[in-house]
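Data first, discussion second: the structure below is written as structure tokens.
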Amino acid sequence: ATSKHKFRYSFDNTKVNNLYGNYVTSGAKASPEASWQLPLFPTWLAQVKYTAPLTNRILLEGGYSYQRGDFRVNYQPANPTNRTSRWDLLRGFIEDDVYFVYDNHERKQEFKGSISYVTGSHSIKAGGENRWANAIQSNPYNSDVAIQFTLNGAPYLVSVSNGPSLNKQVIHSDGGAYVQDQWKVSRLTINLGLRWDHFNAGIPAQTNPASRFTPAIVMPGDTNNVPNWNDWATRTGFAWDVFGNGKTAIKAFAGRFVAGHALDITSQTNPIYSQTDTRAWTDLNGDKTVINSDGSVQFNEIGAANNSLFGTLGAVTKVDPNLKRDKNWTYELTGSHELFPNVSVGGGYYRRHYFDLNWVDNLAVGGVNSGDWIPFTFTAPADPRLNGGGGEQITLYNLKPSLVGVKNNFLTNSQDFREYNGLEATANFRLPRQAFLFTSVTAGKTHTYACTGGGVNPAGGAQDNPNNLRY
């Protein structure tokens with residue numbers, strides 16, 4: 001390196017093997033033996049950065065990093081291997097073992113580069129970056145049983161898995177190129193930007209041996225372009241120094257952004273990715289478990305599959321070849337004013353519009369008029385708090401028994417959208433010794449249109465269940 005060409009290198013290495021705990025979004029509590037063990041290793045990050053001010057107006061920058069982030073969510077080491085998680089739905093309590101186990105080996109590489117040209121009133125920057133990665137994952141549940149559900153201790157349901165499901169998925173490219181330009185004209189600053197985003201992921205051909213509940217799977221070949229996206233995005237911003245003294249400013253911004261993704265869509269198309277199927281449990285021998293002392297499974301106590309394609313090549317979600325990446329438009333109009341030295345106030349209007357949301361449509365099940373749903377009438381209870389005092393005749397629907405567990409999932413875009421509109425007022429006080437006090441008041445409203453399903457539940461929406469259309 002020379003005075004104009006500088007390289008910086010860093011390496012961070014972390015090994016943690018003593019993390020224990022539990023995290024349950026449903027609010028259920030967990031006993032100590034049902035908490036997870038979380039080894040974090042090997043986890044390291046190596047990176048190098050290059051900078052070169054070629055002239056007093058031109059700056060060249062570049063960088064490369066390689067990251068390895070392995071972690072496991074394990075059963076407690078002292079727990080016996082013929083036991084699995086027991087979750088009492090009425091008591092809201094988990095015991096015996098953690099309800100989720102996971103083994104993840106992850107490697108990610110990233111490259112960035114840019115060139116900037118700066119003058120007193122004008123600056124322009126162009127560059128790009130790209131990331132590529134792979135993840136090797138498995139879910140090694142004891143006896144291929146994830147959870148045994150109970151109701152006040154009485155056996156109820158069993159969640160079974162498709163075996164350890166050791167699988168690999170690859171991000172071939174996640175990056176883009178951009179150009180941004182800034183002009184200062186008198187008291188007005190203009191910011192313009194244009195960006196191209198590209199994302200491509202896939203699944204290499206692989207196999208999964210037979211588990212206790214699923215057959216062996218051999219993928220016929222690589223699965224590519226799940227998904228494969230190319231998108232353009234724009235940024236436009238203005239800042240106006242109203243009186244030219246730097247005390248009052250008005251700013252406006254409009255920008256189009258694409259949603260960030262990793263392997264969430266890719267995993268839905270991977271037949272070897274971890275799957276579970278929840279089935280009825282009849283405790284015939286009264287031992288309150290479906291696992292024998294030797295780790296074998298009491299299959300006669302477990303009911304039929306809820307998903308008729310569970311653990312097969314046909315169980316994967318098919319992806320619309322014209323699937324669009326979900327996006328949002330962001331709009332901001334803000335202002336700030338210095339009332340007194342060290343005291344300023346501000347306010348703003350913010351709007352977000354999310355669209356091209358995706359959802360999973362079960363093509364095996366039709367809508368309310370398809371004949372796939374059987375209507376029945378329910379009489380609402382008499383209650384003065386209900387419309388008309390209650391007693392309303394409500395039509396609800398049951399799926400035909402022959403279609404229960406039948407799936408032909410198709411990932412596509414919906415017409416759903418979400419919108420947020422909000423107002424904010426702020427005040428900022430600078431205090432002695434570089435301290436400050438900031439306060440704000442925000443009021444906002446979110447509007448969700450979710451008649452297809454993508455806005456609320458990407459795993460299936462109102463079109464797959466007409467009962468959801470009532471509200």
Side-chain angles (χ1 to χ4, degrees), residues 1-19 37-74 102-120 122-138 167-182 191 193-204 228-231 233 235 255 257-264 266-267 434:
T2 66
S3 59
K4 284 190 175 182
H5 300 272
K6 295 183 179 181
F7 288 90
R8 294 182 180 178
Y9 171 78
S10 66
F11 180 82
D12 297 306
N13 188 24
T14 303
K15 180 177 181 178
V16 178
N17 197 29
N18 57 355
L19 290 179
Q37 182 205 27
L38 185 65
L40 300 174
F41 65 87
T43 54
W44 50 265
L45 172 64
Q47 52 187 348
V48 60
K49 184 176 180 180
Y50 166 73
T51 58
L54 301 181
T55 70
N56 61 352
R57 293 187 175 185
I58 299 176
L59 174 65
L60 188 64
E61 298 175 283
Y64 170 81
S65 66
Y66 189 105
Q67 178 180 354
R68 180 165 180 177
D70 292 8
F71 68 91
R72 288 157 292 282
V73 181
N74 288 343
Y102 184 57
D103 195 342
N104 181 78
H105 301 265
E106 189 174 291
R107 293 159 180 79
K108 182 175 72 173
Q109 300 179 69
E110 182 174 358
F111 170 79
K112 292 183 177 181
S114 66
I115 184 169
S116 304
Y117 176 81
V118 181
T119 67
H122 176 227
S123 65
I124 185 170
K125 182 177 182 179
E129 73 271 347
N130 194 32
R131 291 166 288 277
W132 54 101
N134 67 70
I136 301 173
Q137 305 159 327
S138 65
N167 69 92
K168 182 178 182 179
Q169 301 176 113
V170 179
I171 296 177
H172 298 298
S173 179
D174 178 18
Y178 63 88
V179 58
Q180 58 191 50
D181 199 8
Q182 182 184 86
N191 292 282
L194 181 65
R195 179 180 175 87
W196 168 72
D197 283 287
H198 175 64
F199 185 91
N200 182 279
I203 308 162
N228 183 38
W229 286 321
N230 293 282
D231 294 278
R235 314 277 196 273
F257 297 86
V258 297
H261 285 272
L263 293 169
D264 52 313
T266 313
S267 63
Q434 297 183 338

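Along the sequence shown, residues are numbered consecutively beginning with 1.
- The aromatic ring centroids of Phe111 and Tyr64 lie 6.0 Å or more from each other.
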Show the numbers, then the answer: is there a side chain to side chain donor-acceptor pair (under 3.5 Å) between Ser10 and Gln47? CA-CA 6 Å; Ser10 66; Gln47 52 187 348; 3.3 Å; yes
Side chain to side chain donor-acceptor pair (under 3.5 Å) evaluation trace for Gln137 with Tyr102: CA-CA 7 Å; Gln137 305 159 327; Tyr102 184 57; 2.8 Å; yes
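- Taking the six-membered ring for Trp and thresholds of 30 and 60 degrees, Tyr66 and Trp44 have nearly parallel ring planes, at less than 30 degrees apart.
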Walk me through whether Leu263 and Ile171 qualify under side chain to side chain contact (heavy atoms under 4.5 Å, CB included). CA-CA 7 Å; Leu263 293 169; Ile171 296 177; 3.7 Å; yes
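- Counting heavy atoms from C-beta outward, Val170 and Pro204 have side chains that approach closer than 4.5 Å.
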Take Thr119 and Tyr117 through the side chain to side chain contact (heavy atoms under 4.5 Å, CB included) test and state the conclusion after the steps. CA-CA 7 Å; Thr119 67; Tyr117 176 81; 3.5 Å; yes
Check the pair Asp103 / His105 against side chain to side chain donor-acceptor pair (under 3.5 Å), numbers first and verdict last. CA-CA 7 Å; Asp103 195 342; His105 301 265; 3.1 Å; yes
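- Listed for the Asn74 side chain is no donor-acceptor partner under 3.5 Å among the backbone atoms of Gln37.
- Panel note: side chain Ser173, backbone Asn200; no donor-acceptor pair is recorded below 3.5 Å.
- Formation of a donor-acceptor pair under 3.5 Å by the Lys49 side chain with backbone atoms of Arg8 is not found in this model.
- Here the straight-line distance linking atom OG of Ser267 with atom CG of Asn167 works out to 8.5 Å at 0.5 Å rounding.
- A heavy-atom distance below 4.5 Å is found between the side chains of Leu40 and Leu19.
- Relative ring orientation between Phe7 and Tyr50 is described as tilted, the plane-to-plane angle lying within the 30° to 60° band.
- Between Glu106 and Lys108 there is no salt bridge, since no side-chain nitrogen of the basic residue lies less than 4.0 Å from a carboxylate oxygen of the acidic one.
- Between the side chain of Glu110 and the backbone N or O of Asn130, no donor-acceptor pair lies under 3.5 Å.
- For Phe41 and Phe71, the distance between ring centers is not under 6.0 angstrom.
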Stepwise side chain to side chain contact (heavy atoms under 4.5 Å, CB included) check, Trp196 with Asn230: CA-CA 7 Å; Trp196 168 72; Asn230 293 282; 3.1 Å; yes
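- One N or O on the side chain of Arg131 and one on the backbone of Asp174 form a donor-acceptor pair closer than 3.5 Å.
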